[in-house]
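Hydrogens, waters and symmetry mates are skipped; everything else that's a heavy atom, side chains included, is used. These figures come from a predicted structure and were not determined experimentally.
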Amino acid sequence: MTLYTKRSFRLATSPLLFSLIAMLSACGGGSNGSIGSTAPPTDTTVIGWFVGATGVETTVKAGSTVQWKSIDNMAHTVTSGSMPSAFAELNVPASGMSSPMAFNTPGTFPYFCSIHGAKVQNGTLTVTP
């Protein structure tokens, strides 16, 4: 009788357990857009952004769209290093991407992460005509 009771319990909880596992796996890793885009448009330049990224140099043509992607599972910012600021600060969510930014004016634009500091995380974006 004990074996029958345990077996009945296992059979009764199996659908519940299966449903719970399915729900939890559906909640994992993906982004719904509110935390940043997961896939940039094909004409977008994506810059990997992580603690220790120093001297990152990227060149794009005027009119290009750029996004930064956190590749170290940490939140970051992209903050203009120009005075006055050349662009508004962007948030880069952990394992996500910043909002896309179009650069229409040629120039050299230094940037850094205000969370981790300019000495630890910095780069330069050069926009050519």
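Rounding to the nearest 0.5 angstrom, the gap separating the OG atom in Ser114 from the CG atom in Leu90 is 10.5 Å. With values rounded to the nearest 0.5 angstrom, Ile47 atom CD1 is found 5.5 Å from Leu125 atom CG.
Under the rule for a side chain to side chain contact (heavy atoms under 4.5 Å, CB included), the partners of Ser85 that lie at least two apart in sequence or sit in another chain are Ser80. When the side-chain hydrogen bond (donor to acceptor under 3.5 Å, both in side chains) test is applied to Asn91, no partner is found at least two apart in sequence or on another chain. Residues satisfying the side chain to side chain contact (heavy atoms under 4.5 Å, CB included) criterion with Asn73, sequence neighbours excluded, are Ala94, Ser95.
Hydrophobic cluster membership for Phe112: none, as no Ile, Leu, Val, Met, Phe, Trp or Tyr side chain comes under 4.5 Å of it. Listed by chain and number, the hydrophobic cluster partners of Phe50 are Ile71, where partners are ILVMFWY side chains within reach of under 4.5 Å, directly or through others.
Minimum heavy-atom separation, Val92 to Ser70: CG1-N, 3.5 Å. Here the closest non-hydrogen pair linking Lys61 and Val127 is C-CG1, 4.0 Å. The two residues Thr108 and Pro110 come nearest to each other via the heavy atoms O-CD, 3.6 Å.
Residues Thr77 and Cys113 are in side-chain contact: their nearest non-hydrogen atoms beyond the backbone lie under 4.5 Å apart.
Sorted by first and then second residue, the side chain to side chain donor-acceptor pair (under 3.5 Å) pairs with a member in residues 48-59 form an empty list; sequence neighbours excluded.
Without hydrogens or angle criteria, Ser82 side chain to Ala86 main chain gives no donor-acceptor distance under 3.5 Å. Distance alone, capped at 3.5 Å, is enough to place a donor-acceptor pair between the Gln67 side chain and the Ser98 backbone. Of the possible donor and acceptor atoms, one in the side chain of Asn122 sits under 3.5 Å from a partner among the backbone N and O of Gly55.
By the rule that hydrophobic residues join a cluster once side-chain heavy atoms approach within less than 4.5 Å of another member, Val60 and Val56 end up as members of one cluster.
The aromatic rings of Phe103 and Phe87 sit perpendicular, their planes meeting at an angle over 60°, well past the 30° parallel limit.
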**Message:** Set out, in order, the CA-CA distance, both residues' side-chain angles and the distance that settles side-chain contact (heavy atoms from CB on, under 4.5 Å) for Val51 and Val120, then state yes or no.
**Reply:** CA-CA 6 Å; Val51 171; Val120 176; 3.6 Å; yes
